[in-house]
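One structure is given here, and the rest of the page talks about it.
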Amino acid sequence: MLILLAFIIVFHITSAALLFISTIDNAWWVGDNFSTDVWRMCATNTTTCVAITDQFREYQSIQAVQATMILSTIFCCVAFLVFILQLFRLKQGERFVLTSIIQLLSCLCVMIAASIYTDRHEELHKSNAYSIEVSEGHYGYSFVLAWIAFAFTLISGVMYLILRKRK
């Protein structure tokens, strides 16, 4: 039972780490001489970064991605704290339903963010406010990590729903 508990905790911390990395790191859309994320665009040859502001096309879509990724990370961290509290507060045989609901909300938020970015990426990268051409790029590892975090949070949310507290 202790091994299962350790696995669940490591799996949850891994999910949170994936969410933090995908939210913060500058690699949602990359090219030969640039990388961009939901916060800024950086030219790799000059090491200059431009913050994404309301001057950019589809800024509302970027704000939605920013908000849902932040919410997802917060929900994941809160779910971990609730899980730790429920370990000590639940009676034997009860399920971790509250932890599961919060983790599934985190899953929903990261899915919404990645889906919006997937749908709107062409319009997002056609803005004249970029200092270089960014439309000729491809998805970066932060974007892939966001989708992996979606799978991890979904699995852990379902796992918490099935899991019962044992002695």
Side-chain angles (χ1 to χ4, degrees), residues 6-83 99-160:
F7 171 75
I8 290 169
I9 290 173
V10 167
F11 195 77
H12 197 117
I13 290 172
T14 303
S15 300
L18 289 173
L19 286 169
F20 273 108
I21 293 168
S22 65
T23 302
I24 295 170
D25 209 7
N26 190 27
W28 277 63
W29 187 258
V30 294
D32 294 334
N33 58 349
F34 71 91
S35 62
T36 184
D37 65 355
V38 296
W39 306 103
R40 65 188 182 279
M41 189 282 299
C42 295
T44 54
N45 54 358
T46 60
T47 64
T48 57
C49 294
V50 177
I52 297 176
T53 62
D54 58 355
Q55 300 167 359
F56 287 79
R57 268 177 88 173
E58 296 291 327
Y59 181 63
Q60 296 82 8
S61 299
I62 283 289
Q63 282 187 316
V65 173
Q66 289 172 346
T68 52
M69 284 303 292
I70 290 170
L71 276 173
S72 177
T73 306
I74 291 170
F75 280 141
C76 189
C77 293
V78 168
F80 183 71
L81 294 175
V82 169
F83 173 68
T99 302
S100 175
I101 290 170
I102 296 170
Q103 190 69 352
L104 289 172
L105 281 173
S106 174
C107 171
L108 178 68
C109 286
V110 73
M111 181 196 68
I112 290 170
S115 296
I116 290 171
Y117 197 86
T118 302
D119 181 55
R120 308 303 296 167
H121 79 275
E122 290 177 2
E123 291 82 12
L124 291 171
H125 301 114
K126 290 182 181 174
S127 177
N128 296 335
Y130 288 114
S131 58
I132 60 174
E133 180 64 33
V134 298
S135 61
E136 297 299 321
H138 53 86
Y139 293 114
Y141 68 88
S142 292
F143 177 78
V144 174
L145 287 179
W147 278 113
I148 293 172
F150 161 71
F152 274 41
T153 54
L154 178 64
I155 291 168
S156 65
V158 171
M159 191 169 43
Y160 286 130

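Numbers here simply count residues along the sequence, with the first being 1. Note that this is a predicted model, so its numbers are computed, not measured.
Residues C107 and F150 form a side-chain contact, since some pair of their non-hydrogen atoms from C-beta on lies under 4.5 Å apart. Using a 4.5 Å cut-off on side-chain heavy atoms (C-beta onward), F83 and I9 make contact. Here the side chains of M41 and W29 are not in contact, with every heavy-atom distance at 4.5 Å or above. Side-chain atoms of L154 and L104, non-hydrogen and from C-beta on, do get closer than 4.5 Å to each other. Using a 4.5 Å heavy-atom threshold, the side chains of M159 and Q103 count as separate. Taking the side chain as every heavy atom from C-beta outward, T153 and L19 approach each other to under 4.5 Å. Counting heavy atoms from C-beta on, the side chains of W39 and M69 never come closer than 4.5 Å. Looking at heavy atoms from C-beta onward, T99 lies out of side-chain contact with F80 at the 4.5 angstrom threshold.
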Would V158 and S100 count as a side chain to side chain contact (heavy atoms under 4.5 Å, CB included) here? Give the steps.
CA-CA 7 Å; V158 171; S100 175; over 6 Å; no

H138/F143 under side chain to side chain contact (heavy atoms under 4.5 Å, CB included): CA gap, chis, key distance, verdict
CA-CA 10 Å; H138 53 86; F143 177 78; over 6 Å; no

Take I52 and T36 through the side chain to side chain contact (heavy atoms under 4.5 Å, CB included) test and state the conclusion after the steps.
CA-CA 9 Å; I52 297 176; T36 184; 4.0 Å; yes

I101 vs Y160, side chain to side chain contact (heavy atoms under 4.5 Å, CB included): CA-CA, chis, key distance, verdict
CA-CA 9 Å; I101 290 170; Y160 286 130; over 6 Å; no

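Using modelled atom types, no side-chain atom of E136 and backbone atom of G31 make a donor-acceptor pair closer than 3.5 Å. Distance alone, capped at 3.5 Å, places no donor-acceptor pair between the S142 side chain and the W28 backbone. Counting only distance, with no hydrogens or angles, the side chain of S72 and the backbone of T68 share no donor-acceptor pair below 3.5 Å. Judged purely by atom type and a 3.5 angstrom limit, S35 has no side-chain atom pairing as donor or acceptor with the backbone of V30.
Residues A51 and R40 come closest through the heavy atom pair CA-CB, 4.0 Å. Nearest heavy atoms, A149 versus V110: C-CG1, 4.4 Å. Taking each heavy atom of H12 and A79 in turn, the nearest pair found is CE1-CB, 3.7 Å.
A donor atom on one side chain and an acceptor atom on the other are not found under 3.5 Å apart for S15 and S156.
Residue M111 holds its CE atom at 11.5 Å from OG of S106, rounded to the nearest 0.5 Å. Between Q63 atom CD and I116 atom CD1 the span is 11.5 Å, to the nearest 0.5 Å. Atoms CD1 and CG, from I102 and L81 in turn, are 9.5 Å apart once rounded to the nearest 0.5 Å. The CG atom of N26 sits 4.0 Å away from the CG atom of D37 when rounded to the nearest 0.5 Å. To the nearest 0.5 Å, atom CG of residue L18 and atom OG1 of residue T73 are 10.5 Å apart.
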